[in-house]
Structure formats: C-alpha cells, structure tokens
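Computation of the quantities below employed the complete heavy-atom set of this structure, encompassing side-chain atoms and omitting hydrogens, waters and symmetry-equivalent molecules.
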Amino acid sequence: MIERADVEEAAARVAAVIRPTPVHSADAISKVVGRPVLFKPEHRQRTGSFKIRGAYNRISRLDPTTTPAVVAASAGNHAQGVALAAARTGIPSTIFMPSSVSLPKLQATRDYGASVELVAGTVEDAIVAALAHAEATGALWVPPFDDPFIIAGQGTVGLEIAVEAPEAEVVLVPVGGGGLLAGIAVALAGTGVRVIGVEPAGAACMRASLDAGAIETLAGVATMADGVAVKGPSALTFEHARALVDDIVTVSEEDISRAVLLLLERAKSVVEPAGALGLAALLAGVVPGGGPAVAVLSGGNVDPMLLTRLVEFGLTAAGRYLVLQVVLADRPGQLAALSATIAELQANVLSIEHHRAGVGLALGDAQVRLMLEARDQAHGDQLIEALTVAGFTV
C-alpha cells in the first residue's frame with residue numbers, strides 16, 4: 001500500500017503538467033440537495049479528466065533511452081491521459097481501444113500524440129491485445145489503476161481537497177477500478193474527513209468485493225457510466241479501499257442522469273456520467289450527514305450524441321417529460337377542452353396524436369396521445385388530476 005509521502009512526492013512531480021481545478025461551492029445545487037455541496041472540477045483538467053495525474057506520475061519516471069514505448073488500453077479517459085503524458089516525456093505511446101469507441105475520444109487520443117489500434121469487442125478485448133503488444137515489443141504496460149504510481153498520482157486530487165475545502169465533512173469519489181478512490185483515501189487518511197466511493201448499481205464491483213471480503217469479478221456490467229464500467233478492482237485498490245474507505249454506496253441510472261442534467265442546468269458544467277456519480281449519490285439521499293460534501297467531478301469526456309440522449313433520459317427521470325393517453329368523446333370541442341385544461345396548468349405540449357381506430361376504443365370515443373413538458377413530478381401529477389376532474393379518462 002502507498003503512503004501519504006508517495007502522494008506528496010507525486011504532487012511535486014505532476015505540478016508542472018496539471019491544470020489547477022480549485023474546489024468551489026455550488027450554491028444552487030446545495031439548495032436542491034439540502035446540504036452544502038462543493039465540487040472538485042476535474043472535468044476541467046487537462047485531457048478532460050483526472051487521469052493525466054496518475055499517467056504522468058508513472059510515465060515521467062521512465063528513461064526514454066531504455067523504455068522504447070508505452071502501451072495502454074482504454075475506451076477514453078485513461079487513453080488520453082497516457083497519450084499526453086507520453087508525449088510530454090518524449091516516449092512513443094500505443095493505445096488499444098475498442099472499435100466502438102466514440103469518435104471524439106478516438107480523435108482526442110490521436111491528437112495527444114498516440115498511435116491508436118482499434119480492436120473488435122470490449123475494453124477487455126483491447127486489454128488482451130495491448131498486453132500481447134507489450135510482450136512482443138517490449139513496450140511498458142501502463143495499467144489504468146493497478147499500479148502504486150498511478151494511485152499516488154490520482155491521490156493528488158485528495159491533497160488539493162484538503163487544502164481547498166478544509167470544512168469538508170465527506171468526499172464523494174466515483175469508483176471504477178478504484179485507483180482514484182485509493183489515492184484520495186490515502187491523501188485524506190487521518191484528517192477526519194470521511195471518504196465514500198460511489199458506484200453505479202449495474203457495475204458495483206468494489207461494493208461486491210467488500211461485502212464478500214475478497215475480490216469479486218462481475219459477470220457483466222450495465223451502466224451509462226462507461227468511465228467506471230469495470231468488472232472488478234485489483235488486489236492493490238481493494239486493499240486500500242478495505243483499509244481506508246468509510247463506505248461504498250450505489251446509485252441508479254436515473255440518479256446518474258438526473259445528476260448530469262442538474263450539472264448542465266444549474267452548474268453550467270458538461271460532466272460525463274461517471275464524473276457525476278458523487279452528485280448522484282447526494283440526490284439519491286444515500287450519503288449520511290448534513291455537513292459540507294465535496295463531489296469529485298472526475299471527467300467531462302462525453303460524446304455529444306450520448307449527451308443528447310442523457311439529457312432526454314434525465315428530463316424523464318426528473319418528471320419533466322410526461323406521456324399521456326387520454327380517451328375522450330369523439331365530438332366537436334373535446335380536443336379544445338383538453339387543450340384548455342392543459343394550458344391552464346401551463347404545461348407545454350411537445351407532440352399530439354389523435355386516433356379513432358386500431359386502439360380498442362368504444363364506439364364514439366377517440367384517443368389522444370400527448371407528450372407534455374412539465375416543471376417536475378409534482379406538476380405532472382397535478383396535470384393528471386386536473387384532466388381526470390375535467391372528465392377525461394387518462
């Protein structure tokens with residue numbers, strides 16, 4: 001296990017390459033959550049995530065004259081961190097990525113100077129190919145989390161939080177393989193600040209491992225938070241979590257999408273689903289206490305096409321989209337009455353379809369399918385009640 005001195009040494013090493021990301025309070029979001037919320041905005045870090053910290057702390061120790069190249073496998077953030085770190089140290093890098101990787105992440109990795117090899121299948125398949133490449137060429141394998149130098153580099157986030165948010169009661173850390181969690185836990189050990197990891201319910205490998213008392217490897221993962229879609233932690237990160245982390249909590253996909261949407265609307269921040277896990281935990285009410293909470297926004301590398309779907313999913317989860325099927329008498333004036341009732345409650349009609357046949361209606365009835373935009377869940381409930389009182393079957 002690493003020690004605080006390792007993290008402090010890493011901080012001195014990475015200082016020249018990282019971008020300052022000072023903790024700031026989020027007043028508007030604090031009102032929504034019901035406790036003081038602060039953000040550590042690592043989505044604004046170089047390469048769009050915290051990953052440059054660990055990658056540079058590892059790669060900058062290599063001698064370009066004796067290390068021919070480095071190799072890594074990733075679907076995004078680790079790839080970009082390794083690519084930039086290698087470029088800054090003058091060492092060639094090859095990154096193996098799944099062929100399904102989003103175009104922006106692929107192009108960014110290449111733009112940072114890496115040679116990219118696309119592999120059919122998943123990230124696991126890319127890892128197999130990368131390890132084979134390392135064996136064949138002598139390139140150094142740079143793992144995403146299973147390395148003490150990587151963990152120490154990620155832990156520099158924790159050192160900064162200790163200085164920038166001394167009032168913090170708890171720090172919420174997104175968890176994939178556990179490198180960021182382990183590093184921050186080391187940095188904050190003995191300070192009295194609780195460290196809580198947050199995982200998607202569909203990829204909760206660290207929670208499962210702690211519950212079992214040994215490393216558990218999930219059969220599969222299912223989450224929109226691809227940055228933490230890992231089947232299992234390493235022995236190194238697991239031991240750090242078991243010794244130093246206060247708790248691991250899980251959140252649903254709806255919680256994650258609500259957090260991404262809230263960050264867009266109220267914090268004016270584009271944060272990827274994995275990076276929004278800390279706020280998702282606060283919104284879900286699974287973080288005990290009422291004191292200041294620091295959520296590490298670990299990354300902002302999200303495909304614009306995915307972001308569009310995330311916004312729609314988040315609006316639905318927040319009760320802002322409402323789809324209703326309303327049965328009404330098929331006679332003049334009924335559609336106008338329906339529209340008037342909706343207008344009185346100031347809901348916005350996004351789409352409307354009118355059907356007389358093919359929907360199993362009684363003779364003389366029609367069905368209207370509406371998509372409405374409401375203010376929130378309570379407003380949607382008011383709409384349904386008002387339409388029912390007005391005599392419509394909803």
Reported CG-to-CG distance for the pair Leu307 and Leu264, which is rounded to 0.5 angstrom: 5.5 Å

Using the rule given for side-chain hydrogen bond (donor to acceptor under 3.5 Å, both in side chains), can you reason through Asn57 versus Arg53, listing the C-alpha separation, both sets of side-chain angles and the distance that settles it, and then say yes or no? CA-CA 6 Å; Asn57 190 47; Arg53 297 172 180 266; over 6 Å; no

Looking just at side-chain N and O atoms, do [X] and [Y] make a donor-acceptor pair shorter than 3.5 Å?
X      : Y      : value
Glu272 : Asn77  : yes
Ser60  : Arg13  : yes
Glu199 : Thr250 : no
Asp255 : Ser252 : yes
Gln80  : Ser49  : no

Flag, side chain of [X] to backbone of [Y], donor-acceptor distance under 3.5 Å:
X      : Y      : result
His43  : Phe50  : no
His379 : Leu345 : yes
Gln45  : Ile18  : no

Do Val70 and Ile52 belong together in a cluster built from hydrophobic side chains that touch within less than 4.5 Å? no

Between Leu310 and Leu262, is there shared hydrophobic-cluster membership here, with clusters defined by ILVMFWY side-chain heavy atoms closer than 4.5 Å? yes

Does a side-chain N-to-carboxylate-O contact under 4.0 Å join [X] and [Y]?
X      : Y      : value
Glu254 : Arg258 : no
Arg309 : Asp303 : no
Lys40  : Glu164 : yes
Glu117 : Arg110 : no

Are the side chains of [Y] and [X] in contact, using a 4.5 Å heavy-atom criterion?
X      : Y      : result
Asp247 : Arg207 : yes
Cys205 : Thr217 : no
Trp141 : Ile127 : yes

Atom [atom1] of [X]: over 12 foreign heavy atoms under 6.0 Å:
X      : atom1 : result
Glu124 : CD    : yes
Met305 : CE    : no
Glu385 : CD    : no
Glu135 : CD    : no
Glu353 : CD    : yes
Arg266 : CZ    : no

Sequence neighbours left out, cut at 3.5 Å: what donor-acceptor pairs do the side chains of residues 323-335 make with other protein atoms?
from   : atom 1 : to     : atom 2 : distance (Å)
Asp330 : OD1    : Arg356 : NE     : 3.3
Asp330 : OD2    : Arg356 : NE     : 2.7

Residues 172-193 side chain polar contacts: donor-acceptor under 3.5 Å, at least two apart:
from   : atom 1 : to     : atom 2 : distance (Å)
Thr191 : OG1    : Leu188 : O      : 2.6
Thr191 : OG1    : Val193 : N      : 3.3

